[in-house]
Visitor: 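Handing you a structure now.
Quick note on labels: first sequence line is chain A, next is B, and so on, each numbered from 1. Model, not experiment: these values are computed from the prediction.
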Number of protein chains: 2
Amino acid sequence: MGEGNKITINDVAKAAGVSKGTVDRVLHDRGEVSAKSKEKILKVIQELGYRPNFYASILASKKNFHISCLIPEFNDGEFWELTEKGIDQGREYAGRFGIDISAVMYDQYDLDSFQNACARVLDSAPSGVVIAPMFRNETLKFAKDLSERHIPYVYIDSKLEDDGYLAYYGMPMYQSGYLCADILTNGRDVRKLHIIRIARDKRGLSDPTITRRTGLIDYISEHYPECRIENTFIDPKNVASRYEVLDAMFAADPDPFKYIVMCNSRVHFVADYLRDRGIRTCRVVGFDVLERNLAALREGYVQALIAQHSDRQAAAAITAVTDYLILHESPARKDNYTQMDILNKYNCDYYI
Amino acid sequence: MGEGNKITINDVAKAAGVSKGTVDRVLHDRGEVSAKSKEKILKVIQELGYRPNFYASILASKKNFHISCLIPEFNDGEFWELTEKGIDQGREYAGRFGIDISAVMYDQYDLDSFQNACARVLDSAPSGVVIAPMFRNETLKFAKDLSERHIPYVYIDSKLEDDGYLAYYGMPMYQSGYLCADILTNGRDVRKLHIIRIARDKRGLSDPTITRRTGLIDYISEHYPECRIENTFIDPKNVASRYEVLDAMFAADPDPFKYIVMCNSRVHFVADYLRDRGIRTCRVVGFDVLERNLAALREGYVQALIAQHSDRQAAAAITAVTDYLILHESPARKDNYTQMDILNKYNCDYYI
DNA sequence: TTCATTTCCGTGTGCGGTAACGGAAAAAAT
DNA sequence: ATTTTTTCCGTTACCGCACACGGAAATGAA
């Protein structure tokens, strides 16, 4: 059953009245086969249900595949670290097929850096590419380059509207915002909600968290039409300024019980503030499993995190490319939306 | 890097001053090698970092592995259906290595049926076994039989206290009950809680949901010491009796707002009742992703489900055995606790 | 010392493909 | 009709390993 069919290329050759060399030529579309033979061989393959033994195939072909993964660079404990872990998992899988995986990093706030990285990847003539896109136009350009070279590529994290990608693995961003709002409000009578945002979240970048914020706001306006939403901007690089801004936010309203949300992975900024100020009266929800976010969750400064297993996304992306290269199989679905995991202090320790 | 090291058995042979036949003999511990040569070869392998090419290995050895999975039989839409899906995923993976997977089912309420299944599995002389245990003593006996035959086995869903298993994949049952209580109470002022139980959940079976209930009760007594817990027993096979019992439960207390929980996968029984009676005032939490549970979640008769991806457990189990057989690699961790997923109406559609 | 055993090891074949190589047959050019 | 070119295909040498086979060296028995 399944792979148990023991039909070899020799069986096909015999049945078609040719040599296995000829069969191999049609299998790989290497030409030099008459139309008649080709047709016959194809028919025999069909009838016999021949499936090449891909061990033998890998063993015999000395091809040297390698896959490049283009992701933002990061510091310890930041969001993209988990993605890199997923790349490591993927590397293990692909390694079994003799495929090398390399991660190419770029500065997600520097367009030049991204273009540079793209150029380097193209130069290395990869067999396949995994991209976590940040710059819309430049990524589309890069995607075009890849398509022209017939290099398969997979998007992770977020995707663009081009059509040539092999697969996409990411979170449904809008829904994640919607879900986040539900968890934040939690059936309570919410009158005001604070969205903490990163001051420099702008530029020409395609920021997926905007979509998330839209989902969040939609939920609120549907379920809490009279709820006020207040945006507060903080500077990720300046602690003092963050405290100032947040102090001001708390000072502006006497009610100590606040609903706070961050749409990116940096909710630990808020948690740090609350911890330092000894404020335990807020309900805070954020995204993504960073070590600092988990700590805040355990200590109770953050009530819930919505996570997306971005490691699995990366691993799945590499698996998809690998299977495509080795088995010539495209993934079952092109667009794959990762599940959204709700973490609180009671289940977070069992996450992964 | 990684698998890229191109050291072959020939290199080892040359470096050790023997032939590849001898190297092969020590690699497989087939004997007929002098202690001196063996030592030398082992040293060389170490130094060179030789890793056998397992394609070539599989190709050359005509071994025919097969893995048996021992799980309870089920009807459509029941809990174990998801496990079977996971077996299918595992089959795909193992199939690539020429390993056959067969599922052997037993009646989880019939000891004889289980023993029969065990005997059949043993007779088929499997290369490895995956077990979802239900009967403690008999499973231990079976485990002993497997150990004696040097057949690796993996537990899924729940495990026993023997020591010979290769790995375990399952949910932390106690924690899941604890988590469930947190989600059910949700910070509210809960005075009374209804646990709905299956009437015939007894016998000599090792029922993991007992542990879960313990976690649930512990949470309540820690966080809501004054909360009363009421157990209600329903009959899974008798609709009329279920309605009677639940009617009585609702009649006994005028407060229509009830906290209800089921510790097994059958919360849809409660949902069916609530739907029919048009009761929308309860907060209901249950376990596991059955289609009927999901429907109840979407319609709002159940507020949350705690899920455990039992498909992944099965797939991981098969992967573990496969890797053990093919790559001679034991899984990184012996006990693997699956994450507990919290599902509500907003993220359930993205589950899987 | 000689012959029978054991112990130990090298050689060779094949697993199912890949792809280079070279040659026969067919088509085109002269 | 002969030569050149093209088209098409069979042969063959691996790929890295598993394992059967047979033989040399070492050991034991006589």
Visitor: Check each residue of residues 24-37 of chain B for a non-hydrogen atom within less than 4.0 Å of any atom in DNA chain D, then write out the ones that pass by number, or none.
Guide: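 Here the set is Asp24(B), Arg25(B), His28(B), Arg30(B).
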Visitor: Closest approach of Gly98(A) and Asn64(A), non-hydrogen atoms and distance?
Guide: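 Shortest heavy-atom contact: O-OD1, 4.0 Å.
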Visitor: Which atom names give the shortest non-hydrogen contact between Glu84(B) and Phe74(B), and what distance separates them?
Guide: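 Answer, listing the atom of Glu84(B) first, then Phe74(B): OE1-CZ, 3.3 Å.
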Visitor: Below 4.0 angstrom, N of the basic side chain to O of the carboxylate: do Asp162(B) and Lys141(B) qualify?
Guide: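 Lys141(B) and Asp162(B): not salt-bridged.
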Visitor: For DNA chain D, which nucleotides open and close the run of contacts to chain A, 5' to 3', at under 4.0 angstrom from a non-hydrogen atom?
Guide: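 Terminal contacting nucleotides, 5' to 3': dC8(D) to dG16(D).
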Visitor: With a cut-off of 6.0 Å (strictly less than), are more than 12 heavy atoms of other residues, nucleotides or ligands near NZ of Lys334(B)?
Guide: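 Correct, the count exceeds 12.
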Visitor: Contact between Thr338(B) and Arg312(B) at the side-chain level, heavy atoms closer than 4.5 Å - yes or no?
Guide: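 Of all side-chain heavy-atom pairs linking Arg312(B) with Thr338(B), none is under 4.5 Å.
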Visitor: Strictly by modelled atom types, are Tyr153(A) and Asp145(A) linked by a side-chain donor-acceptor pair under 3.5 Å?
Guide: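 No, no side-chain donor-acceptor contact under 3.5 Å.
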Visitor: Respond yes when some side-chain nitrogen or oxygen of Thr8(A) is under 4.0 Å from OP1 or OP2 of dG16(C), and no when none is.
Guide: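 Checking Thr8(A) against dG16(C): no side-chain N or O falls below 4.0 Å of OP1 or OP2.
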Visitor: Would you mind telling me which residue lines up with the more 5' stretch of DNA chain C, Ala60(B) or Val18(B), judged by nearest nucleotide?
Guide: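 Closest to the 5' end, via its nearest nucleotide, is Val18(B).
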Visitor: What is the distance from CZ of Phe54(A) to P of dG17(C), rounded to the nearest Å?
Guide: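 Atom CZ in Phe54(A) sits about 12 Å away from atom P in dG17(C).
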Visitor: Which of parallel (below 30°), tilted (30 to 60°) and perpendicular (above 60°) describes Tyr165(A) and Tyr155(A)?
Guide: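 Tilted: the ring planes of Tyr165(A) and Tyr155(A) meet at 30° to 60°.
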